[in-house]
Amino acid sequence: MSRKVVRSSKFRHVFGQAVKADQCYDDIRISQMTWDSNFCTVNPRFVAMIVDASGGGAFIVLPLNKTGRIDMSYPTVCGHTGPVLDIEFCPHNDNIIASASEDCSVMVWEIPDNGLTSPLTEPVVKLDGHSKRVGTLSWHPTAHNVLMTAGCDNVLILWNVARGEAMVRMDTVHTDMIYSAVWNRDGSQILTTCKDKIIRILDPRKGTVIAKNFTEPLTLQELDTGSGVLLPFYDPDTSVVYLGGKGDSSIRYFEVTDEAPYVHYLSMYSGKDSQKGMGYMPKRGLEVNKCEIARFYKLHERKCEPIIMTVPRKSDLFQEDLYPDTIGPEPSVEADDWFAGKEAPPILISLKDGFVATTKSREFKVHKSLLKTTSGSGAGQANSSGDVQSLNKELKDLRAEVEALTKRVKELESKH
């Protein structure tokens, strides 16, 4: 009698769990647009979601701890004239977020430390270069201020955001609409999927195709008969890939190995309601003391629900096998140097004591003198409004100090 051998894996018992109701973000009108992006982006400081907006496009940015019911009047980022299709936080500065829209533009915004107190309408930089709606954007993982955008004009552009300038424009590579575009781990290659059913690996600085039309897949995994678009999230630290389908209510996860059959099914998290989009927390934002290896922000029609993936362990000690050194927020090369050809592997950090920022987030600087006229006006206005906000804050602090001193003087006078 043969006994079936169960493959050993430390991730075999990973389980997903939704947080309690009071830790969700409620009463948010998630966008009804039928687009295949994530609609959500998150970092250790904020969570952002694309929302319905009349007369233009908008997204909401909430401090991570602002859970519960969100008031209808909560301010949004609402500078686009058409629906917002994709958003993503900068990996090197938690306050910087980029948005792509149906109005053919890309905008870069700076969110105040404590979140928005009034609607944000003026971006730090506006990037105009696409002739049709822009559906995909992605920040470079290691180079500072490098942004990739792809539009329905079949064009892929790499921007130096600090200069507001398109540095590489790939307009003859794709014969049809670009569905998605992603960087590899060190940003030395780009992979795209296209409506022409061809997968391409690109050299980002030369704008040329390195490889395409892979003949045979290493493995093929049948999932189900659903027609929803899959949102894949890959964790290079654990080699686990998570698949959440739009319109589906589950998240399946698999372990990827170097040996056949290469992909091993682990388990599936199932919820009650279908998801309209999903955000994925960077590793530095997880609670390592609870053996949390992934956290998703699942979008419902009217709320955002965090889903926590945990490896069950009895020990309270730091689990080194679950948390190898991971990508930190520090960029390893500046935009000008990267476009000039300099490569730089990601700068890794340890999560042993939980990630604590030892330095302020990499400052986001725009070289106003170098900006093109298409983006200069917006940047100038944004900078001036930022100065006003800063002065208002200083004035408010001074008033508080004066009130405290006045109160102290009155107390001393009453004693004498």
Side-chain angles (χ1 to χ4, degrees), residues 18 21 24-42 46-62 66-89 97-107 109 111 116 119-121 123 130 132-138 149-153 177-181 193 195 226-233 243-251 270-280 296-307:
C24 295
Y25 308 85
D26 291 307
D27 270 8
I28 298 169
R29 295 180 301 158
I30 302 300
S31 172
Q32 299 294 317
M33 286 294 293
T34 53
W35 193 252
D36 295 336
S37 66
N38 295 353
F39 280 28
C40 179
T41 180
V42 62
F46 299 108
V47 57
M49 296 155 271
I50 302 175
V51 294
D52 267 339
S54 55
F59 60 95
I60 192 168
V61 181
L62 301 171
K66 189 171 176 57
T67 53
R69 183 181 175 276
I70 307 301
D71 196 275
M72 288 279 287
S73 61
Y74 195 88
T76 59
V77 182
C78 49
H80 285 286
T81 57
V84 176
L85 300 178
D86 198 12
I87 52 175
E88 186 174 282
F89 278 112
I97 186 170
S99 58
S101 169
E102 206 170 75
D103 64 11
C104 308
S105 73
V106 175
M107 295 183 182
W109 313 82
I111 309 299
L116 297 177
L120 191 56
T121 57
H130 289 280
K132 291 185 179 179
R133 60 184 176 180
V134 189
T136 302
L137 55 76
S138 181
T149 63
C152 293
D153 51 4
M177 188 168 73
I178 301 166
Y179 281 154
S180 65
T193 59
K195 194 176 180 181
S227 58
V229 173
L230 287 174
L231 303 176
F233 302 92
L243 300 176
K246 272 204 171 187
D248 194 3
S249 60
S250 61
I251 303 172
S270 292
K272 293 179 183 177
D273 302 306
S274 60
Q275 53 233 13
K276 294 177 66 67
M278 198 169 285
Y280 180 62
F296 297 95
Y297 287 73
K298 174 181 173 178
L299 301 186
H300 301 246
E301 280 196 17
R302 300 280 300 189
K303 76 172 182 179
C304 173
E305 178 187 41
I307 309 291

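Note that the structure is predicted; figures quoted are calculated from it, not measured. Values below: every heavy atom of this structure, side chains too, minus hydrogens, waters and symmetry copies.
Remark: Arg69 does not engage Asp26 in a salt bridge, criterion side-chain N to carboxylate O under 4.0 Å.
Side-chain N or O atoms of Lys246 include one that pairs as donor or acceptor with a backbone N or O of Ser37 at under 3.5 Å. With hydrogens and angles disregarded, no donor-acceptor distance shorter than 3.5 Å links the side chain of Trp109 to the backbone of Ala98. Between the Asp103 side chain and the Thr81 main chain, a donor and an acceptor come within less than 3.5 Å of each other. Of the possible polar contacts, none joining the Lys276 side chain to the Arg302 backbone as a donor-acceptor pair under 3.5 Å is found. Between the side chain of Asp86 and the main chain of Asn38, no donor-acceptor pair closer than 3.5 Å is present. Remark: the backbone N or O of Thr41 is not paired with any side-chain donor or acceptor of Glu88 at under 3.5 angstrom.
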What do the steps show when you test Val51 against Ile28 for side-chain contact (heavy atoms from CB on, under 4.5 Å), and what is the final call? CA-CA 7 Å; Val51 294; Ile28 298 169; 3.7 Å; yes
Could you walk me through whether Ile70 and Leu62 pass the side-chain contact (heavy atoms from CB on, under 4.5 Å) check? CA-CA 9 Å; Ile70 307 301; Leu62 301 171; 3.9 Å; yes
Before you tell me yes or no, could you show the steps for Leu243 and Leu231 under side-chain contact (heavy atoms from CB on, under 4.5 Å), namely the whole-Å CA-CA distance, both residues' side-chain angles and the distance that decides it to 0.1 Å? CA-CA 6 Å; Leu243 300 176; Leu231 303 176; over 6 Å; no
Chi angles and distances behind the side-chain contact (heavy atoms from CB on, under 4.5 Å) call for Ser101, Arg133: CA-CA 6 Å; Ser101 169; Arg133 60 184 176 180; over 6 Å; no
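Counting all heavy atoms, side chain and backbone alike, Ile97 lies closest to Ala48 at CD1-CB, 3.7 Å. Contact record, Trp35 with Met177: CH2-SD, 4.5 Å, taken as the closest heavy-atom pair. Of all heavy-atom pairs between Ser249 and Asp273, the closest is CB-O, 3.4 Å. Lys303 and Ile30 make their closest contact through O-CG1, 4.4 Å (heavy atoms, listed as atom of the first residue, atom of the second, distance). Taking both residues in full, the closest heavy atoms of Ala181 and Thr136 are given as N-CG2, 3.9 Å, listed atom of the first, atom of the second, then distance. When every heavy atom of Ile307 is checked against every heavy atom of Ala18, the shortest pair comes out as CD1-CB, 3.8 Å.
For Tyr280, the ring pair (Phe, Tyr, Trp, His ring centres under 6.0 Å) criterion is met by Phe233, Phe296, not counting sequence neighbours. When the ring pair (Phe, Tyr, Trp, His ring centres under 6.0 Å) test is applied to Phe89, no partner is found at least two apart in sequence or on another chain. Residues passing the side-chain hydrogen bond (donor to acceptor under 3.5 Å, both in side chains) test with Thr149, sequence neighbours excluded: His130, Trp159. In this view, Ser180 and Thr193 satisfy the side-chain hydrogen bond (donor to acceptor under 3.5 Å, both in side chains) rule, not counting sequence neighbours. Residues that satisfy the side-chain hydrogen bond (donor to acceptor under 3.5 Å, both in side chains) test with Glu305, not counting sequence neighbours, are His300. When the side-chain hydrogen bond (donor to acceptor under 3.5 Å, both in side chains) test is applied to Tyr297, the partners found at least two apart in sequence or on another chain are Arg295.
Geometric assessment of Lys66 against the ring of Tyr74 yields a negative cation-pi assignment under the 6.0 Å and 45° thresholds.
To the nearest 0.5 Å, atoms CG (Asp153) and SG (Cys104) are separated by 8.0 Å. We find the CZ-CG distance between Phe39 and Leu85 to be 7.0 Å, quoted to the nearest 0.5 Å. Rounding to the nearest 0.5 Å gives a distance of 4.5 Å between CG of Leu299 and SG of Cys40.
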